[in-house]
Amino acid sequence: MDVFALFSARIGNAMQVLFPQAGADLLARIVVEPPRDPAHGDLSTNAAMVVAKPLGMNPREVANTLVEHFRHDADVTSVEVAGPGFINFRLAAPIWHQVLRSIAELGDDYGRSTLGQGEAVNIEYVSANPTGPMHVGHTRGAVFGDTLASLMAYSGYEVTREYYINDTGGQTITLGRSALLRYREALGETIEIPSGFYPGDYLIPVGQALAAEHGRSLLDMPEHEAALIAREKALAAMMDLIRADLAQLNIHHDVFFSERTLHGAGGDIELTLAWLREMGMIYEGRLEAPKGKTPDEWEDREQTLFRATDYGDDVDRPLIKSDGSYTYFAADIAYHRNKFLRGFKHMINVLGADHSGYVKRLQAATKAVSLNAADMDVRICQLVRLLKNGEPFKMSKRSGDLVTLADVVEEVGADATRFMLLYRRNDAAMDFDFAVVKEQTKDNPVFYVQYAHARTHSIFKTAARDLPALDVSRSALAAADIERIATPAELDLVRVLAAWPRTVAAAAVAHEPHRIAFYVHELAAAFHGFWAKGKDDPQLRFVNFDDPMLTLARLALVDAVRQVILNALAILGVSAPEELS
RNA sequence: GGUCUCGUAGCUCAGCAGGAUAGAGCACCGGAUUCCUAAUCCGGGGGUCGUGGGUUCGAAUCCCGCCGAGAUCACCA
């Protein structure tokens, strides 16, 4: 149950009855939300202010009419007009008790919704080039995309997690040639790796595998042929490497889409270009050189262009290179048409900061190939600056100067990595300080939240120790006399729990998983705060020797907190240990 | 030069599809431990929300100009 949704509906209905002259579009602007200042009550609505002016009425007059309507509502203890025309509600205890029952009943599903109405969403993230292990730069987008996918799935969307493999083009040839050098090395030659090649150690096993499989036979064929064989081996090995890296953060994709399958005669690129041509979205023309910074090798030539400007892009985009092959973007248009034809009307791409210039053309492509039937949201993850005690930090174990994802996970663990990366908005650059992340104090939000969860379990242990006769099974908790939850401090905690469904829905709509991280931190704080009240006032302790029934009711509250923390951490992909060592 | 993102307390950041006196953590100051894990809690000081306009009953939030920081700019993927 979502109290805000409940009252939003009730207030909407009341307004419709009381002010039939107000249109549906006007009523849609009414918001029911928790006031920023808790002193103003539990719920607040702007209904009167929204409606007043268009109806030529005084806001307070409208408000008073609505207040009269709710004055005798049993679920409302007080309702009053405030400020310029806000209406503040204070809800009766039974409403909060219903929230607790609802959490117990729904369990893992408390917060789950049908917001997405089962619509298919394709979320593409990571899509790192298969030329080496994952580095930190990829990690933020990987965690963000994975969590967004979980969030959307939890909110009723049919989510497909997709990875686009760039397994064609010049860099893959370079990869093949680099692997070939390692092959020679495996055969006993002393090699030197020229600049422009991939120098990382991670290609050594690929060279060894090639030697084991082919003996010396690759040496007898032309380099470019041997490189193609080496390329296949290397690509497969790199994808295995990347999958293993992602698995360390519990990130998995449903679909690995190979760019290569788009190419070739009768392939998607060819079909898409033919279709675009038919639709008049392609023409032959010239582009102006970019102003300010003219590339050295700029060549003014007539080329095949996609009318991206018709769909909001800044310039039209080339589709065919001077050597006759397709541009990367041509493949990307075909790829997004492929997504659309697979039934996705909602697409989300998670990209790194270096792709910010790519957003408009991607959206243009999506609009064009779907004839405006699909939407594309591009979430840019800004840079992560690695620090150690405030100093810029570099580690390198596996690949040149880069800090790898595996390095980070090894250093701070998967939970901390995920949580810290999610405890920021995606579109702001962030610092990631290893020293802080490794700390096990309240300065570290991961441990703060996990500790709150562990504490809920610890309370149950205490209860079992101190009141061994008390039945605290699931069914006993469900039958607890929940009305005993009545002090203001307890109800404040329930209020935080009540905000969970609303928080999830808002985060899903906005595509902002960080809100989940902030919420669960807030819930942990509310819980720790209530726990500490038991120090000053033993009556507020969860476990009360003299009153087993009150204890049981309080344990039901603790269980609800446990459940909601668990639900939030599940979306974030962070584990919820029952005790911290 | 174009485009995109960001600019909120000394520091790191929230601010929920414009709302009522702008919040949290760190740091700083002062408290709480015979008692459910002090891995925690309570209190205090500290901000012209970069800046100037505009829209609105109402702007940190939306629009425009300017200043500053970062990213990016055909034929790489």
Side-chain angles (χ1 to χ4, degrees), chain A residues 31 33-37 39-40 44 46 49 52-53 59 82-86 88 127 129 131 166-172 259 287-293 295 297-301 303 305 313-318 320-323 325 327-329 331-332 352-360 378 380 382-383 390 423-425 427-431 433 436 439-445 447-448 450-452 454-455 458-463 465-466 499 502-503 506-507 509-510 512 514-515 518-519 521-522 525 528-536 538 541-544 558 579-580:
Chain A
V31 174
E33 59 189 356
R36 203 172 276 173
D37 183 349
H40 291 137
S44 175
N46 60 356
M49 289 180 288
K53 199 180 183 190
F86 289 101
N88 295 328
S127 298
N129 293 334
T131 54
N166 299 129
D167 52 1
T168 182
Q171 62 174 6
T172 64
E259 181 193 349
L287 284 180
E288 283 179 30
K291 283 174 187 158
K293 185 182 142 192
E297 297 171 19
W298 176 264
E299 177 197 348
D300 188 19
R301 68 181 178 90
Q303 47 190 344
L305 299 169
D313 202 356
D314 303 314
V315 291
D316 291 334
R317 302 287 174 180
I320 296 176
K321 300 186 220 168
S322 49
D323 69 0
S325 63
T327 60
Y328 178 78
F329 185 54
D332 229 7
D354 54 341
H355 284 72
S356 58
Y358 207 71
V359 175
K360 283 188 179 178
V378 181
I380 295 289
Q382 291 293 332
L383 299 177
Y423 199 59
R424 288 293 109 101
R425 290 178 60 92
D427 49 10
M430 70 177 286
D431 291 342
D433 195 317
V436 172
E439 229 171 282
Q440 300 204 358
T441 69
K442 69 170 178 177
D443 304 355
N444 181 338
F447 284 92
Y448 185 82
Q450 287 184 325
Y451 177 42
R455 192 169 244 180
S458 136
I459 289 167
F460 272 89
K461 275 185 222 150
T462 305
R465 187 194 66 205
D466 294 349
R502 185 177 182 278
T503 303
V509 169
E512 291 183 352
H514 75 274
R515 293 192 197 180
F518 279 96
Y519 170 83
H521 188 265
E522 186 192 325
H528 285 312
F530 181 75
W531 189 92
K533 282 197 168 67
K535 295 218 170 265
D536 299 334
R541 292 194 193 164
F542 293 107
V543 178
N544 191 314
V558 172
E579 57 185 66
L580 302 180

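In what follows, chains carry the letters A, B, and so on, assigned in the order in which the sequence lines appear, proteins first and then strands, with residues in each chain numbered from 1.
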Compare side-chain N and O positions of [X] against OP1 and OP2 of [N] and report whether any pair is under 4.0 Å apart.
X        : N     : answer
A:Lys535 : B:U33 : no
A:Arg425 : B:U5  : no
A:Lys321 : B:A77 : yes
A:Lys360 : B:C4  : yes
A:Arg455 : B:A38 : yes
A:Ser458 : B:U37 : yes

How long is the straight-line distance from [atom2] of [Y] back to [atom1] of [X], given to the nearest 0.5 Å?
X        : Y        : atom1 : atom2 : answer
A:Arg502 : A:Glu33  : CZ    : CD    : 6.0 Å
A:Arg425 : A:Glu512 : CZ    : CD    : 4.5 Å
A:Thr131 : A:Asp167 : OG1   : CG    : 12.0 Å

How would you label the contact of [X] with the nucleic acid (heavy atoms, under 4.0 Å): base, sugar-phosphate, or nothing?
X        : value
A:Gly534 : base
A:Arg502 : base
A:Asp167 : nothing
A:Thr462 : sugar-phosphate
A:Pro59  : nothing
A:Lys461 : nothing
A:Gln171 : sugar-phosphate
A:Tyr423 : nothing
A:Glu259 : sugar-phosphate
A:Met49  : base
A:Ser44  : base
A:Val359 : nothing
A:Ala82  : base
A:His355 : base

When rounded to the nearest Å, what value does the distance between [atom1] atoms of [N] and [M] take?
N     : M     : atom1 : result
B:G10 : B:C64 : P     : 30 Å
B:G47 : B:A22 : P     : 12 Å
B:C41 : B:U33 : C1'   : 11 Å
B:U55 : B:A60 : P     : 16 Å
B:A24 : B:G15 : P     : 15 Å
B:C63 : B:G18 : P     : 12 Å
B:A9  : B:A27 : C1'   : 11 Å
B:G25 : B:A14 : P     : 16 Å

Should [N] form a Watson-Crick or G-U wobble pair with both distances under 3.5 Å, which nucleotide is its partner?
N     : result
B:G47 : none
B:U55 : none
B:C35 : none
B:G30 : B:C42

Nearest non-hydrogen partners of A:Asn129 and A:Asn166, listed with the distance: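 That closest heavy-atom pairing would be OD1-OD1, 2.7 Å.
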Closest to side chain of [X], choosing from [options]:
X        : options             : value
A:Tyr448 : B:U40, B:G15, B:A14 : B:U40
A:Asn129 : B:A77, B:U72, B:A20 : B:A77
A:Phe86  : B:C75, B:A20, B:G15 : B:A20
A:Asp427 : B:U5, B:C36, B:U72  : B:U5
A:Arg541 : B:C35, B:C13, B:C16 : B:C35
A:Tyr328 : B:A74, B:G15, B:A77 : B:A77
A:Asn46  : B:G19, B:C75, B:U37 : B:G19
A:Asp314 : B:U3, B:U12, B:A74  : B:U3
A:Asn166 : B:A77, B:G15, B:A71 : B:A77
A:Tyr451 : B:C75, B:A39, B:C13 : B:A39

Most 5' of A:Asp466 and A:Ile380 on RNA chain B, judged by nearest nucleotide: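 Mapping each residue to its closest nucleotide by heavy atoms, the 5'-most match is A:Ile380.
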5' precedence on RNA chain B between A:Ala353 and A:Tyr358 (nearest-nucleotide basis):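 Here A:Ala353 is the residue nearer the 5' end.
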Parallel, tilted or perpendicular: rings of A:Tyr358 and A:Phe329 (30°, 60°):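 If you compare the ring of A:Phe329 with that of A:Tyr358, the planes turn out perpendicular.
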Check: A:Tyr519/A:Arg515 side-chain N/O donor and acceptor closer than 3.5 Å: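 Side chains of A:Tyr519 and A:Arg515: no pair found under 3.5 Å.
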Ring-on-base stacking B:A39 with A:Phe447 (under 5.5 Å, under 30°):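 So no, this residue does not stack on that base, at least one cut-off failing.
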Nearest-Å distance for atom pair NE2/C1', residues A:His528 and B:C36: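 Taking atom C1' of B:C36 as the reference, NE2 of A:His528 is at 14 Å.
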A:Asp316 CG - B:C75 P separation (whole Å):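 In whole Å, B:C75 P lies 14 Å from A:Asp316 CG.
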Side-chain ion pair, A:Lys321 and A:Asp323, N-O less than 4.0 Å: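 Salt bridge: no.
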